[in-house]
Amino acid sequence: MTGPAASLQDMLNAVAASRNATISLLADGRTLRAVYAGRQSELALPADGTDLDRLAHIPSALPSRARGDVREKTLYNILQDMSDSSGNRVNDAVLRERLADLLQVDQGHRQVLAAIAERQYWIHPTSASNNPRSFLAPFHSELPAAFDYAGRYKSFRGNLLLFLCWDGSGFDTALADEIAGFLGSEDGLSPLDRVFLSAARTAAGSQGPARVSSERLLERYGDDLRNDLEPGAFDQEGLDRIRRDLLAVVRLQLPRHDKAHALIAVFSLHIALYYYRLAFRLGAGLDCAAAVLDGKELPEHPGFEGRILFRVGSAGDRPVRASDACAQAWRNLDEHHLLALPASMVSANLVHQVAQASGSGCGPVPDPYACAQALADDPVGRVLSDLLCAAAAVMIRKDSTEVVPSDPGIGVYALREAVLASFRSRGNALKQRGRDIVNTFVGGFSGELKRNRGRVRFFELDEQVIFLLVKLLLENSGRSQLAFRQDFLPALREYGLAPQDAAEEEFLSQALGRLGLLERYSDAGEALYVRHIL
Amino acid sequence: MTDDQARPWGSDAPSPLAAIRQMRADAQGAVVALGSQTGSQAAAYVPSAVDNAITELASRAVPPHAIFVTGSAGGGKSGAAEFQRQAHADRFSVIVEDATHADSPGEDQADSLARRLAQLADNADQRPSAPVLVAANIGMLIQLAPLWKEREFQFTALVHALFTRLGLPVEDLARQPMLPLQVEVLNLDHRPTTGEGSLLPEMLKRLAPGDGTTLFDARRCGTCPAISHCPAHANAVLLSTVASNAFDKVARRAAVERGRSDTPRALWDLVSRAVLRPELYDGFADPCEASLQAHQKDDATFVLKGLLPVTAFTAGGEVGPRIAAQSPALAPTREAYEAFSDSGLLPLQDARPVERLAEAAENAGVDAPALRKAAEALRTGLTSLDAAQERAWRDLVAATVIGSRYFLGELPDPQFVEEERFLRALGAYERWQAAERDSNADTALEEDVERHVSAMVDELASGFAALFGAQASGGTYLPVHIYDAREPTRAFVQFKLTLAEAVPVPDKPSSTNPDGTRHVGYRPMAVSLRIERGLDSRPDAQLAVDLPSYRILSAATRGMASSGDAERVYALRRAAATLARLAEAGAYVPMLVDDPVSGCRFVIEPRTGFSGKLTLNARMVNE
């Protein structure tokens, strides 16, 4: 061994010596072999940054490596993937140009009505970070089926909906079909909607309504997703909850426009919560794995319930401090876990490989807590895994020309830090895959989950989110009212949501009262019930 | 100097002010326990229609098996049970409080109550010969039900009857009990505690200074040289006589504002704070000593700060802040402006309202020396030249002047003018609902409710249009359909909201427990309107219009912005969306659209031609 390889081996030897083990780099220059107490274990490392990026994905946790995009566009993309007419779509600019001629309006007012329709039926994103081009509002499935938009980005497509339909053994496509049924029907369309839709059909030259169904999704994505999910979804419980809630929304007795809004809002809220949950589970799971590989007891399984400590956003102007629980929770979940999501996925994949190579029964899903559990009773496997993680950290640091510390420390922590450093050296790579996505779904104009005020960022629920959650929880419970403390707050916790403290519980109950969503049967706390209005 | 020299009253006579202070919500005297009522509590207890109703129910030839007196903490449940225990114990098989302690260490409250109520169980082989009287907190009942179920006590029929009458969600179907079960529920949360003929006016009468049997035991006052510096005494005199109606009126408005009656405990707390301003009296073990000290220092500011015209609008506690919000000093009136601009400049003028208040008390046959002392201080004016003192003095004078004029009934009520339509509608709705419940509504009453509720609904329609929609060409329009939440909508649908679309319906307490609401003299705080009949087993869509919601809509009709109550505005927006949806359900409903380029408005009217194709006709409107 000569040159840099020799110095790398020296570093690896030093790491191994501190664990009374030996380690060697095989001839391919990427495979590490560790030996301890007569057992050996190997880990094949990514060849370069691109290869490392490949590991920043867990197929059983997410359907693709999408980035953030305008929330309505996700539904638009899904409907396009569900339609038969993928080959002959017209650009929506054609419709915009011909609209004044096509609207069934008396001659003198076509220009005016066309201008109004342009404002009513196109989404005009204002986010500076995304392409600000407009696209048609997907209030009827014929529009995405017939029209394309300019400025396509790496957003989620129909594979997201099919992914959510996975029930543990197959695809329960009832959700996709109900969405197709709702957005393909003419129920609840206003005269203006009908006239606009008629003009759109003429512009697209469509002979009849385009068929939209789950079959197209299965054809396009079924096989790939089945391969990814058959060994087990990373978070089946999360998928089941999202599917249940989206079905509940589609079945709500709401006016069409409200239901379309609610569908997009619930979809957005759930995807954001799913990302937080995923990021937390990976991050906290890696902490548990680090503890176990360091020889400590297996910590209790870190649950996501009630981790998003929020405040109510509508109780007048309220100052916020960085020390408030809602701001601390944001720092923990967003800054610590969500921002690090791609790095956590790489680390989880490598820890999973290490645990598998050590012969532990950690299952096919790269869940770091399951790895920790599997290694907890295997002292030799723990040392081998810790050594391989630490050695991998040295290699990754070396790849990204970072200064390599002589003692990288606890293996899993060292690994995660090294991966994070590698991502940080590549511009926005970290935030594009987690934080940006969540921001597009639940930050901005309405349906908010998080807010900035000055330099403090924190979790805050606005009226729309509160209203939606009440509707969903009542629908899912099958009851007309839920006891605020005994039922409603525990149900919120399952979503990961909890008022930041006892005073906030009171604020929440007052806000619900003013929204008309609370029945107060007496002044006693137990006698508060959350209910529907109208 | 000995204690007796320092305190001119004898040691036998108790402090009347201490008894009033004991009525504060945080004091021991605020909680009544069955069988151990204190003298002050007995003197403060105001028998009401509820007591008569309980006695009457228990005295029937076929009485119910149980009478549950329910409500919130401080609602008077235990007081009512104690009243029956003292007056008519023989008419009940047992009188129980939900807070009854267990009889043995191994038994908790759920077990203890289950044992005492055994004759009300599904599987009881006999019912009580006389009613069981139970004073029960609603929160406690909600907790008891699952505990009983978990421990397999068979009270499903009892729980079902209680929950149904209280309007609580019922999860389990009642089992058919072996024997019939008759239960009456009197929910004291539905008892009006303020307003004419209710508890508060009677409570205020209890403040009248009297001998040793009254709440305000004035034996000490007879010999007290500090009576001229005792605003608490003057307040008790005023509240029990000339200020009673005005005080009750603001308390009633505070309850309407909240949408629920305040409990007697909360009202006693308010009264106690209004009589004895806590900042002045709380530092003394014997509150009379605070007045004595003011007398010794000849501190007229103490008197002014402690007098009702000021204390009524500065009381803290649960109710106080809602009354403070109604202070006439905050109202945009000429009188309030003049009180603040002139205060301290014309001392003789400043003193007149307090002098008139003293005269009014004298005309009512009572004497309040502290009022004369206050008038004298106002006539003298401020002698100090310190600017900070002058400002504080002028504020105090202004608050005293405007408060005195309020209690003399000399001020217009600007809020009332704006809210009059709602309050009249609420009054008519209350009468109609009671008549509907008792099946004695007549044409005159129906016309009355139609007139007043109709006027309120018209105002609501204009408010909805002004707040969320538009008015043009004589039509009212609500916004519809914008799929991009970042943009304001430019399309509106014409809607109509009249009494035909918004029909008054009985509210929940009246529909779930008609007998109980009659017994407690229930008065609604909101007008319930049905705006959509529920189809396919869905419930009706109802809109409960309360004072704060009405105020937002009413203000919008006058071009005023909403009050910053974001959730209420959001809830009203949801109501507007429902109205818009109902309007839109008609396929040919006219719409109003805004041209984003010119800002002009157009009414568009859909029509179908011979081909059956939908076409829109547009015309520009002038607005």
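Labels below follow one simple rule: chain letters A, B, ... track the order of the sequence lines, proteins then strands, and each chain is numbered from 1.
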Taking ring-ring contact (aromatic ring centres under 6.0 Å, His included) as the definition, give me every residue that meets it alongside B:H190, ordered by chain and number, with sequence neighbours left out. B:Y522
Is it the backbone or the side chain of A:R479 that comes under 4.5 Å from a heavy atom of chain B, or both, or neither? side chain
Structural part of B:A618 lying under 4.5 Å from a heavy atom of chain A: both
Does any heavy atom of chain B fall under 4.5 Å from the side chain of A:E118, the backbone, both, or neither of them? neither
For B:D595, is it the side chain, the backbone, both, or neither that has a heavy atom closer than 4.5 Å to a heavy atom of chain A? both
Less than 4.5 Å to any heavy atom of chain A: does that hold for the side chain of B:D594, its backbone, both, or neither? backbone
Could you check whether any side-chain N or O of B:R573 sits under 3.5 Å from a backbone N or O of B:A576, counting only pairs where one atom can act as donor and the other as acceptor? no
Shortest non-hydrogen contact from A:F147 to A:D92? CD2-CA, 3.8 Å
Which bit of A:Q510 comes within less than 4.5 Å of chain B, counting heavy atoms only: side chain, backbone, both or neither? neither
When you look at CD of A:Q111, are more than 12 heavy atoms from neighbouring residues, nucleotides or ligands closer to it than 6.0 Å? no
Mind checking whether A:F135 and A:Y149 have parallel, tilted or perpendicular rings, split at 30° and 60°? tilted
Name the region of B:L168, side chain, backbone, both or neither, that has any atom closer than 4.5 Å to a heavy atom of chain A. both
Please state whether the side chain, the backbone, both or neither of B:S549 comes within less than 4.5 Å of a heavy atom of chain A. neither
Quick one: CG on A:L461 to CG on A:L508, what's the gap to the nearest 0.5 Å? 8.0 Å
Region of B:I604 in contact with chain A, defined by heavy-atom distances below 4.5 Å: side chain
Aromatic ring proximity A:Y529/A:F484, centre distance under 6.0 Å: no
In this structure, CG of A:L113 is separated from CD of A:Q120 (nearest 0.5 Å) by 10.5 Å
Contacting region of A:A115 [heavy-atom separation from chain B under 4.5 Å]: both
Between B:R260 and chain A, which part of the residue has a heavy atom less than 4.5 Å away: side chain, backbone, both or neither? side chain
